[in-house]
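Okay, so here's the structure we're looking at.
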Number of protein chains: 2
Amino acid sequence: MSGSSAPIRLLLADDQALVRGALAALLSLEPDLTVVAEVGRGDEVVPEALQHTPDVALLDVEMPGLDGIAATAALRTALPACRVLVVTTFGRPGYLRRAMEAGANGFVVKDTPARQLADAVRRVHAGLRVVDPTLAAETLATGASPLTERETEVLRAARAGGAVAELAKALHLSEGTVRNHLSAAIGKTGARNRAAAVRIAEQNGWLLGD
Amino acid sequence: MSGSSAPIRLLLADDQALVRGALAALLSLEPDLTVVAEVGRGDEVVPEALQHTPDVALLDVEMPGLDGIAATAALRTALPACRVLVVTTFGRPGYLRRAMEAGANGFVVKDTPARQLADAVRRVHAGLRVVDPTLAAETLATGASPLTERETEVLRAARAGGAVAELAKALHLSEGTVRNHLSAAIGKTGARNRAAAVRIAEQNGWLLGD
DNA sequence: CCCGCGCCCTGACAAATGTCACGGCCGGAA
DNA sequence: TTCCGGCCGTGACATTTGTCAGGGCGCGGG
């Protein structure tokens, strides 16, 4: 498979130390792969990558400091030679879209069989795009977020569970306006509650940027 | 550590195939450990365990079919010789309590360093209890669920986001009663919203059974 | 026994939430 | 230019939600 060339150098980013270490063990079984760096926070990705110059970075989406999508974008500009493979727990349709827009070269969910991961890494390293086909279909079906900018902003603020008055003050809007945006979001998500709307938007990855 | 005795036989249960495989790789690095079975659903734990008679079972809490706590209880009665080490993503205080009550011998969160996992397995196999100390402290501080049976039931139903009328019909109660239980739950959790109450209760592991 | 305590259940009331119709603003099409 | 459509912002209104006071029931202690 990888005859005699130098091994592919990997950077792993995942906030769960146990999973990170386990992935390192799994990938180290492959003779043509080497893990050269591990980080547990999104904002440590770029510094560590600059120091160790990996060929491929495996990034989780849910991470403290900086989410995987933002880390992808930062890494692509800081170290364009490094490919990015996003590895995430949830197959949120929006995540895939955002990851690709941010410059990721591959997207794999943690449900995929373990043996396929090494192949995904090799494909990405070879310049190919790797995407879970079922997730890709779902992404196309779901489409981009129907929510307008303000609507997402308000929904995001509503996630914390505060009352309308607090949201209004935090966003410098009238209470009526906040209610209206929430109502629109509820309608567009097909929910009947503010809470349900938040959940649906979250599941689709429409609330990502903070 | 394990001079010449037979290796410890392990069963792995985790719904994410990638994590499961990675853990298998990690644990297989230890010469005194062998993975003899892997499952991705809680209701497959007992059948597989009966067939392969592992010495220690590593169970995730979040799993389809049957959650890790219920699987622990089932496994302890079906195969008492097999020790159980619960390995979970979230350090929900209630999870630890419930796991121990269900007969688990150890409880580890996925934040712990990878190198400690093998030791945890060995300790559990030796008959010791393994518990994350910080989590144990938090569990004692948080205490058991303050929610009454009906209150948890109503909160669980409210998780889906339905209106009071639907909950009332589903639970065969008056709307007023449902509101009252919800109000009590809101008060006990310290929340100001039904939605916030649901989140807090979920985070503390008070909504477990179904 | 009788009392107190906690849980369950219920309806009436106040407060928050969701809906609606409306006006201003901007950018593209006719 | 004018018109049209989308997004933002706002207030009035109906609906839903949360709070409160209260009654019934079972259980353990005095």
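Order of the sequence lines sets the chain letters (A, B, ...), proteins ahead of strands, with each chain counted from 1.
- Among the protein residues, B/R150 comes within range of the sugar-phosphate backbone only, with heavy atoms under 4.0 Å from sugar or phosphate atoms but none that close to a base.
- Summarising the geometry, the separation between CZ on B/R194 and P on D/dG18 is reported as 4 Å, rounded to the nearest angstrom.
- For the side chain to side chain contact (heavy atoms under 4.5 Å, CB included) criterion with A/N105, the lone passing option out of A/M100, A/R83, A/H125 is A/R83.
- Remark: the B/N180 side chain and the C/dT10 base include a donor-acceptor N/O pair separated by less than 3.5 Å.
- With distances taken from any side-chain atom of B/R179 to the nucleotides D/dG9, C/dC8, C/dA12, the minimum falls on C/dA12.
- What separates CG of B/L147 from C1' of C/dC8 is a distance of 15 Å, to the nearest Å.
- Electrostatic pairing of B/R156 and B/E153 does not count as a salt bridge here, judged by no charged N lying under 4.0 Å from a carboxylate O.
- Counting non-hydrogen atoms of other residues, nucleotides and ligands closer than 6.0 Å to CZ of B/R192 gives a total of 12 or fewer.
- Of the candidates D/dT17, C/dA16, D/dG9, D/dT17 carries the atom nearest the B/A163 side chain, counting heavy atoms from C-beta on.
- Within 4.0 Å of B/T177, counting heavy atoms only, lies at least one base atom of the nucleic acid.
- Judged by atom type and distance alone, A/N193 does not reach the base of C/dT17 through any side-chain donor-acceptor pair under 3.5 Å.
- Side chain of A/T148, nearest nucleotide from D/dG18, D/dC7, D/dA21: D/dC7.
- As judged by a 4.0 angstrom heavy-atom cut-off over every strand, B/S174 is placed among residues touching the sugar-phosphate backbone only.
- Heavy atoms of B/R192 sit nowhere under 4.0 angstrom from any nucleic acid atom.
- Mapping A/V164 and B/P146 onto DNA chain C by nearest heavy atom places B/P146 closer to the 5' end of the strand.
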